[in-house]
There are 2 protein chains.
Amino acid sequence: MNYEKYSIGQLAKKAGCKVETVHYYEKVGLMPEPPRTEGGHRIYSLPHVKRLNFIRRSRDLGFRIEQVKELLKFIDEPNHYCGEVKAMAMQQARVVQEKIDDLQRLKSALNEMVTHCASGNKPVDDCPIVDALYTEHSTEKSTEKAT
Amino acid sequence: MNYEKYSIGQLAKKAGCKVETVHYYEKVGLMPEPPRTEGGHRIYSLPHVKRLNFIRRSRDLGFRIEQVKELLKFIDEPNHYCGEVKAMAMQQARVVQEKIDDLQRLKSALNEMVTHCASGNKPVDDCPIVDALYTEHSTEKSTEKAT
DNA sequence: ATAGAACCTATAGTTACTATAGGTTCAAGG
DNA sequence: CCTTGAACCTATAGTAACTATAGGTTCTAT
């Protein structure tokens with residue numbers, strides 16, 4: 001027996017996810033419907049492990065399910081080139097950078113609030129943090145500095 | 001000065017959110033059930049506007065609904081002190097920092113992949129990015145929970 | 001042969017909303 | 001006073017990406 005077989009539990013463990021997640025990936029079309037035993041249990045082999053690893057890793061990198069589908073399409077279908085994949089990775093890097101920027105602003109706002117709230121023994125209605133949160137600000141979700 | 005009244009639409013506009021969001025906040029107990037007109041339309045006034053602003057701003061800062069409830073409790077109930085609020089803000093700043101760290105790692109990984117993929121004209125099965133994604137990674141990077 | 005772990009399907013729950021359907025009320029214009 | 005039509009009402013379903021549950025079946029080891 002050259003080709004090792006895996007139960008769904010073993011597969012999930014190898015990819016560091018849960019059995020239910022594999023079910024889910026099958027349902028949404030990321031993982032194929034594998035062969036079954038007589039009794040109906042799924043039987044996986046090495047390519048499945050690799051594919052699931054690919055999916056998990058892509059998800060960890062912040063690709064959404066639909067994007068992972070795109071990536072898998074590049075792999076599943078012939079005649080695709082590395083450039084397409086590279087472009088998606090670059091785009092994803094930009095998205096991630098934007099998230100980082102958002103969070104940096106957010107953290108600054110929080111830190112500023114904390115700094116202004118020097119003492120902790122004021123009653124709440126005198127708290128600069130609460131005050132800052134109450135302040136009416138521009139209706140737009142623009143991330144202006146919190147003053 | 002006076003007691004200006006607002007419809008739910010006006011309220012939502014003032015806080016920069018949607019009417020449905022206000023409905024939702026009422027349902028989950030962040031916003032109180034306001035008085036109504038004869039016909040059943042909600043009537044809001046200035047304190048409602050402030051409260052909704054507080055909620056929106058807290059949400060923007062990354063506090064979850066349940067955390068916002070905590071914060072509001074500090075405000076709604078007497079005998080709370082600024083220190084409790086400050087502690088929550090500091091904790092939130094730490095959470096945000098962790099997210100930033102995660103995303104930084106993620107971006108590095110993506111950038112590294114992109115850098116290695118010098119050319120874009122290789123067939124996909126020769127693409128270093130795809131390769132990197134396929135690679136079996138340490139499965140225990142995730143938080144294993146005790147069984 | 002049997003216990004129990006692992007598997008099966010189907011459905012509901014999670015978070016924080018958003019969108020829809022199908023109806024009612026309100027304010028303005030004629 | 002009557003009619004639009006925008007804004008409102010409630011209730012329900014949908015979103016993303018799983019996770020959890022229920023209730024049943026199969027596999028494996030003793």
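Computed from heavy atoms alone, side chains included, the values below leave out hydrogens, waters and symmetry copies. Quick caveat, the model's predicted, so the values are computed rather than measured. By convention in this document, chain letters (A, B, ...) are assigned in the order of the sequence lines, proteins followed by strands, and residues within each chain are numbered from 1.
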Quiz item: Any link between A:V95 and A:F63 through a network of hydrophobic side chains (Ile, Leu, Val, Met, Phe, Trp, Tyr) touching at under 4.5 Å?
Solution: no
Quiz prompt | CE on A:M88 to CG on B:L110, rounded to 0.5 Å | solution = 10.5 Å
Practice problem: Answer whether the closest heavy-atom distance between the side chains of B:R56 and B:K14 falls below 4.5 Å. | Solution: no
Exercise. Would you indicate whether the side-chain heavy atoms of A:V96 and A:Q92 approach each other to under 4.5 Å?
Key: yes
Quiz prompt | Close side-chain approach of A:L71 and A:I75, heavy atoms under 4.5 Å | solution = no
Practice problem: Would you check, one step at a time, whether the test side chain to side chain contact (heavy atoms under 4.5 Å, CB included) holds for A:R59 with A:I55? | Solution: CA-CA 6 Å; A:R59 293 284 304 119; A:I55 295 167; 4.2 Å; yes
Quiz item: Over how many whole Å does the gap from A:E20 atom CD to C:dA6 atom P extend?
Solution: 13 Å
Quiz item: Should B:S7 be listed as having a side-chain N or O under 4.0 Å from OP1 or OP2 of C:dC26?
Solution: no
Quiz item: In this structure, which one of A:R105, A:K99, A:Q104 forms a side-chain hydrogen bond (donor to acceptor under 3.5 Å, both in side chains) with A:D102?
Solution: A:R105
Quiz item: Would you call A:Y24 and A:L30 a side-chain contact if the rule is heavy atoms closer than 4.5 Å?
Solution: no
Quiz item: Once you round it to whole Å, what is the distance between P of D:dC18 and CD of A:E26?
Solution: 15 Å
Practice problem: Could you run through nucleotides 11-16 of chain C and give me one letter per nucleotide, 5' to 3': B if any protein heavy atom sits under 4.0 Å from the base, S if only the sugar-phosphate is that close, - if neither? | Solution: -----B
Exercise. Could you state the atom-to-atom distance from CD1 of B:I43 to P of C:dT25 in whole Å?
Key: 14 Å
Quiz item: Given C:dT18, is OP1 or OP2 found less than 4.0 Å from the side-chain N or O atoms of B:T21?
Solution: yes
Exercise. Starting at atom CG of A:L52, determine the distance to atom P of D:dC18, rounded to an integer number of angstrom.
Key: 11 Å
Quiz prompt | Whole-Å gap separating P (D:dC8) and NE2 (B:H23) | solution = 8 Å
Exercise. Grab the OH-C1' distance between A:Y44 and C:dC8 for me, whole Å please.
Key: 12 Å
Practice problem: Can you sort out which residues in residues 31-42 of chain A have a heavy atom within less than 4.0 Å of DNA chain C? Ascending by number, please. | Solution: A:R36, A:G40, A:H41, A:R42
Quiz item: What are the two closest heavy atoms between B:K5 and B:S45, and how far apart are they?
Solution: NZ-CB, 4.0 Å
Quiz item: Could you state the CD1-P distance from B:I8 to C:dT18, rounded to the nearest angstrom?
Solution: 13 Å
